[in-house]
Amino acid sequence: MNFIIDAAVKAVKHLYQTDVASAAIGLQETRKEFEGQITIVTFPFTKFSRKGPEQTANEIGEFLKNELTEVADFNVVKGFLNISIKDEYWINQLYTQILPDSFALAQPNGKKVMVEYSSPNTNKPLHLGHVRNNLLGYSVSQILEAAGYEVIKANLVNDRGIHICKSMLAWQKFGNGETPASSGLKGDHLVGKYYVLFDKAYKTQIEELKATGQTEDEAKKNAPFIKEAQQMLQKWEAGDTEVIDLWKTMNGWVYAGFAETYKQMGVNFDKYYYESDTYLLGKDIIDEGLQKGVFFKKPDGSVWIDLTADGLDEKLVLRSDGTSVYMTQDMGTAQLKYNDYHMDKSIYVVGNEQDYHFKVLFLILNKLGKAGADGLFHLSYGMVDLPSGKMKSREGTVVDADDLMAEMEATAKEQTEAMGKVDGFAEADKLQLYHTIGMGALKYFLLKVDPKKRLLFDPNESVDFQGHTGPFIQYTHARIKSVLSRADYQLDTNIVVTELAGVERDLIVLLTQFPDIIQSAANEYSPALIANYVYELAKVYNKFYHEKSILQAEDEVLKQFRLQLSAASAKVISKGMNLLGIDVPERM
RNA sequence: GCACUUGUAGCUCAAUUGGAUAGAGCACCUGACUACGGAUCAGGAGGUUAGGGGUUCGACUCCCUUCAAGUGCACCA
């Protein structure tokens, strides 16, 4: 729609002798209740025209109608200038822009972006919160790629620390040599089981100590299990072979389990970082910061940064004993990532409880003048809540990722069979379909919500398959495919109709917006924009489908036109859903 | 206590970033032709945008304030 903007700029210049920036032209979609497709808000120009908004709008409208052959007519309602573009223009858009394979395929912009997401701990299986993280990270990666970026999907695995030692210790004490092979338990679940066992035993010990007169705090520190876990961590850091071997073995089980979960979820990574490799990094940056005067040292030897001028606090960046804290590591890891890829942007998909941490981290890297510091972004998302409140692993109220996905497939199977839609499907195709639909419902449910908002999930009330849902959109796609195959559809960009019905025009207008939607979704890192767009598209298509007969169109030319329009819709629906990491079936 | 985030129909979410009469889905009610797939479509009902003040042609959106919820404020990660 740039040609409208350019012409509007020209209109203001010509009529009122004023230069306005093209960004100042507020183009918007014309609301349904009015005539036209494009609307210009003319209030801002009244100060140049020194006339009322209606008259200003009329003058600009008149100018545009004379200036642009594409403009068929215009009308003015209050200060709103509604422009009708000729059907010829929209039809031409369908054939020359939307139908070709190049549609919505951004030119590479020469920029690199890293998206770090998932970043699990290796002491327990993934839960619903991780699912949101993974889906967001993957989808944002797809969107950025579609917007022209070269994307590196990174996973920073938290594979060391006291929590890992807890699982290891409990396994040593209670495991009796249990392995995934011996018990048939998925590796991450097996390790998670011992993490829970540790916690139980630890709590028992705390109670025992309290019975002997110790305070809660004392008991927590003195319980034998926590001491043993801490000793184990020290041994790990010292490179003790027995501990390292156990650590490797148990992490191996977890990785096998994660691989399965990731596969089900349909996400993947280009690069893995392991905290066991990176946890000592960052100390050289401390020296650098001290030299540059960004950091300062306290008498006890600890190193800090003073961010009070930025409205934040003083923040510790190195302990008095010279060891790293979380911040130290993250500075080092940021540097490592940059050295590896020299990316222009670096996105961290991490929950909003770490907002403050990333605010500080990015500020520090900026103050140090680090390359790439401008491109840092924390994609902060809200927690997933259950009706009972927050998920708590110790209280057993977590929704397990594997269980959840299995349930979604089961529900998809139930619904599909109840409708009797898979008679004649091969068994393998059925399974594939249940997976596609179940995951489609789940992914869409989680992605349609603005990332930064917290999300309510009720496990008892199964995710809907009707209305504003993934399956609704998948269904629309399958339905289009069904019509196309009945008609033996072939791509043909030479069919000419001259006039559009209302729904047909609405549909094309919507289709032309797809590239812009991708760009805004990329700029805002928001899959929700794509999700809501694709839904709108599916809805308008269904309206079209009901109002207009395709196979029984009035004549052959019209039939072919509607087939092309249907094919274009199916393509955009499919591409849009793929940006969310959702597959669309040919039949369902 | 301080900081950040959120608050929109009974429920779950939108609102083109300051624009028109705040829109969808679920649930509820009514309807859809021996027609291309009824996981669909058309219609009804449902709102003091948490409350109050301000900024201006115009506010769900920006500012102030009160209230409610969440998160963070470790020499943990």
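All chains are named by letter (A, B, ...) in the order of the sequence lines, taking the proteins before the strands, and each is independently numbered beginning at 1.
Residue A/Tyr545 is in base contact, counting any heavy-atom pair closer than 4.0 Å across all strands shown. Residue A/Thr469 is out of contact with every strand shown, counting any heavy-atom pair closer than 4.0 Å. At the heavy-atom level, A/Asn523 lies nowhere under 4.0 Å from the strands shown.
Note that A/Lys298 lies in the cation-pi zone of A/Trp304, set by a 6.0 Å cut-off to the ring centre and a 45° limit from the axis.
When Watson-Crick and G-U wobble pairs are counted only if both distances are under 3.5 Å, B/C57 pairs with B/G19.
An aromatic stack links A/Phe34 and the base of B/A20, using centre distance under 5.5 Å and interplanar angle under 30°.
Qualifying salt bridge (Lys or Arg N to Asp or Glu O under 4.0 Å) partners for A/Lys421, counting only residues two or more places apart in sequence or in other chains: none. For A/Asp310, the salt bridge (Lys or Arg N to Asp or Glu O under 4.0 Å) partners two or more places apart in sequence, or in a different chain, are A/Lys367. Every residue meeting the side chain to side chain contact (heavy atoms under 4.5 Å, CB included) condition with A/Lys452, not counting sequence neighbours, appears here in chain and number order: A/Asp450.
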Any protein N or O atoms within reach of nucleotides 68-75 of chain B? Criterion: under 3.5 Å, listing atom names and distances.
unit_1, atom_1, unit_2, atom_2, d
B/C75, O3', A/Arg319, NE, 3.0
B/C75, O2, A/Ser320, N, 3.1
B/C75, O2, A/Ser320, OG, 3.1
B/C75, N3, A/Ser320, OG, 2.9
B/C75, N4, A/Asp300, OD2, 2.0

Look for any protein N or O under 3.5 Å of an N or O in nucleotides 29-34 of chain B and output each such pair with its distance, or none.
none

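The glycosidic torsion of B/U17 lies within 90° of 0, which places this base in the syn conformation.
Ring geometry for A/Tyr202 versus A/Phe198: interplanar angle of 30 to 60°, hence tilted.
Heavy-atom distances under 4.0 Å link RNA chain B to A/Phe43, A/Pro44 of residues 43-58 of chain A, given in residue order.
B/C62 sits 10 Å from B/U5 when the P atoms are compared, rounded to a whole Å.
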